Structure formats: structure tokens, C-alpha cells
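The structure under discussion appears below in the form of C-alpha cells.
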Protein chains: 2
Amino acid sequence: MTDVSAPRKRAPSKKSLETKARILDAAEDLFSKRGFDGTSIRDIAKQAGAQVALVHHHGGPKEELFHMVVARRAKPLAELRLKALEEKKSAADRDGRNKLTLREILASFVQPFLEMTLSDGAPWPAYGRLIALVSADERWRQIAAECFDPTAAVFVDEIADLLPGASRTALSAAFVFTVSGMLALTASSWRIGAVAREQQQADLAETLLDYSEAGFLRLCEG
Amino acid sequence: MTDVSAPRKRAPSKKSLETKARILDAAEDLFSKRGFDGTSIRDIAKQAGAQVALVHHHGGPKEELFHMVVARRAKPLAELRLKALEEKKSAADRDGRNKLTLREILASFVQPFLEMTLSDGAPWPAYGRLIALVSADERWRQIAAECFDPTAAVFVDEIADLLPGASRTALSAAFVFTVSGMLALTASSWRIGAVAREQQQADLAETLLDYSEAGFLRLCEG
DNA sequence: GTCTATAATGAGATAGAC
DNA sequence: GTCTATCTCATTATAGAC
């Protein structure tokens, strides 16, 4: 999944993998902070402690490096989301319910993302902003389609199954609004802080779920 | 409002103003499509049909040009929003109501924006994407604080007056979520279209208001 | 106010030694 | 796999003629 170019002939050495990881980490951090065009290969090399030519060696052209950085965590993220969904289904079965609640579905999608990007000691602190960039720029449409649309489709189908009376259009709009709110928590939380700064991050996740669930139900029932 | 630099000694000629407007129009269009770092002064000059040096003459350094482009329409937009609010208050008075509904307040904020940026023949078709860029990048925090925060504060106060039981934190979060949805309509409408493309723009405005109103009420009442 | 010309810098990418 | 060195091109910005 991290290799989107031609297949290699040899397995890379351990040191090579470490160097590549350092380069991808630096690229992820800088891309997320300054955007694609605001980040130079030279900046990435400097932060990774490597030479410029080495960044090209591991990352290829700049666009491919960006693609690699986004794709690297897409599969683990998708698995976390689907795992959360399956676990909630098992729990519902044990409770004798045959359907998940809307909130359980939404939480399965939102919480793994916020946990990896926004919680205390989050392992992927820059990845949330990066995804917000990808989602907002039509230039990365292909990357979004490859990395995120399949999982999104699973969740939209799940919701459509729960709310059979809702139009596909209403479902789509509500889902995009929910994702927009989720991304705002990571990419534009400074805008929230500009108005009121008395809240924890964990609370904001619940706040988002409250808001989205109610909005969803209004669109799909009204 | 369009002049954020030192005061001029002379009134500019008519031709100069036209040239400046052409440059700002080109800058607005290109900044909105490719972002700040993805747009060069040369691109702007070419699209405006002017020389590179002339862009610098009218726009100053690149950051100042960006500031100018955003600030140019901020005051008219704020006036449209406040005018919509006042008109709805007058109408409510005539109906013998002494309070606006939440939906009327939200619509006064959202609809002027969508009308200017997203309607058929919208006069500012690029400005919506530009504001989305400003809102998502902490680098433009000062511009956002100057151009948009004052009006936002008026509307948040208005809502706080309507829903006195709600915490300031819940209000702030809900407002940011609502603005995120509004910006998604202009900046990420391709994401909506990727799921279902059977809807008109006018409908999406109503859809957003339905969703936001319900989410707001849940946060403020629950 | 508008133009030509140019300065000064930084960018992405590659060749080739080790 | 990693490094040095370099190619080629685009960038912001300004100086100075008209």
C-alpha cells in the first residue's frame, strides 16, 4: 500500500525502510502545515535529516510522494473504522438488537479518526490536517476516490439500510456535512478556540456526534 | 477597505482603478483555484492582461495582495448579512413576534453568502472557495479575525440571546460546524456530487439549514 | 501608470561517484 | 542506498526608461 510505483526487485534493507519512514514522516508533517505547494523537497530533506536526492529516490516525483504519504495510513484507518463497526454490531447482537443506531454508525466512522489524529498523544497528529487538504482540493480527487471513498460507501450503505425512507441525496448531503464537521475539528479547531476556549477534545467529539446525529435525522425523516 | 497599505497622495485615475480591479479579479480566481502558494504573480499578470511589475505596483508583496483580495468583498458581505438580519427582525415585528427563530438567524448568515458565491450567475463565484482557504489555514488567522470574526460575533450573540440556556462552548462549536457545512457547499461540492448528483444548488442551501438547525437545537437543548 | 530588463533566489529533478 | 554536484527552469521583486 505504501508502494504505488513499479514493483521492486529486491526487499529493501532495514536501514532503507527507516530512512523512507523518516522522509514520509517529515513530508506528512510539512505538507499538513504548509500545503503541497508551500512545502519544498528541500524542506522535507532538511527535516528528515537526509539529502535532497534521497527524497527523490524514495518518494519519486513530488506528486507521487504526496500520494504515498496520504495512502500510507489510509488502509489502517479504514480497518479501524470497519473494526469499530463490526464490534458495535456484535455488541448489538448480544443485546438482542438486530440493527445499529445511527449514532453507533456515525461514531464508528468519526471516533477512530479523531482518536488517531486529535487525542492526547495521538499517533498521527498531522494526518487529520492532511486529509482536510485532500478533501478540500479537487486536484486530489483521485487520491480521495482511492483512499477514502470505498470506506465512505460502506458507511453510507449502512445508514441507507437503517433509514430506508431517506433519499440518496439527503444521505449524501448529510454525510458530507458530518465529514466537514469532523475535519473542522482537526483542521480548523483554532476557529473554535477563537470563540470559546474552555473545552476538551474528547468533549468535542461527543459534541460533533450530537450535532450530526440530529442533523442527519432531520434530513432523512423530514 | 480595499486599501490596506499606506494612504495615497492622489486619487487614482479611472484607468488605474480598472487595471487594479482586473488584477484583483484575476488574483481572486487563481488564488481560489490553486491556493496561495500554487499561484504565481506571473499567472495573475497573464490572466489580468498586465505586466508582472504592474501587479506588484497595485498589489504590493504577494501576502498583501492576498489580503486585499479577501478584504475587498468582506465589507459588502457583512452588510448583506446584517441587512438580512434586520429585515427579518422588521418582518417579525410586523407579525407581532418579538424574537427571531433560530432558522431565520442562520439563514441571514448563510443565504447572502451562498447567493453571492453559488447561485446561478453568482457575482463572486470564486470568493467562496477563497474564504474556505482562509478558514482552513491558520496562516491567515489575522485576515479571518479582521474580515469575518466581527460579523460572526454578532450572529453568535443573537443566537445566545435566543437560547439563553445554552453554554457558550456549545454555541461556538455548533456555529463552526454550520460554517463548515456552508463552506463545504462551495469548496467541496464535488465531494457531494461524487455520491449523488441529482440536486440543485438552491435545494442544498435549504438542506444545509435543515441539518444545521436540528444540530444546533440538539446541542443547545440536550 | 505602464513598460522592459534584470537581479537574486529557490525550485524539482538527475547524473554519476562511492 | 547514499552522497556531491549540477542542470534547467520558475519564482518574487525592483530599477529605471517612457
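Residue numbers start from 1 in every chain, and the chains themselves are labelled A, B, ... in the order their sequence lines are given, proteins ahead of strands. Keep in mind that what you see is a predicted model, and the values were worked out from it rather than measured.
Salt-bridge formation is detected for the pair B:D25/B:R73: a Lys NZ or Arg NE/NH1/NH2 atom is positioned less than 4.0 Å from an Asp or Glu carboxylate oxygen. Classification of A:E138 and A:R141 as a salt-bridged pair holds, one side-chain N sitting under 4.0 Å from a carboxylate O.
A:T178 and A:Y211 share no donor-acceptor pair across their side chains, judged by distance under 3.5 Å alone. Counted by atom type alone, A:Y127 and A:T186 present zero donor-acceptor pairs between their side chains at under 3.5 Å.
Panel note: side chain A:S180, backbone B:A184; no donor-acceptor pair is recorded below 3.5 Å.
Partner A:D43 forms a salt bridge (charged side-chain N to carboxylate O under 4.0 Å, His left out) with one of A:R34, A:K33, A:K62 and no other, that one being A:R34.
Distance NE2 (A:H56) to P (D:dT4): 16 Å, rounded to an integer number of Å. Computed from coordinates, the B:L65 CG to D:dA13 C1' distance equals 13 Å when rounded to whole Å. With rounding to whole Å, A:R42 atom CZ is found 16 Å from D:dA10 atom P.
When DNA chain C is scanned in the 5' to 3' direction for atoms under 4.0 Å from non-hydrogen atoms of chain B, the outermost contacting nucleotides are C:dG1 to C:dT4.
For the pair A:G60 and B:Q51, both in contact range of DNA chain C, the more 5′-proximal nearest nucleotide belongs to B:Q51.
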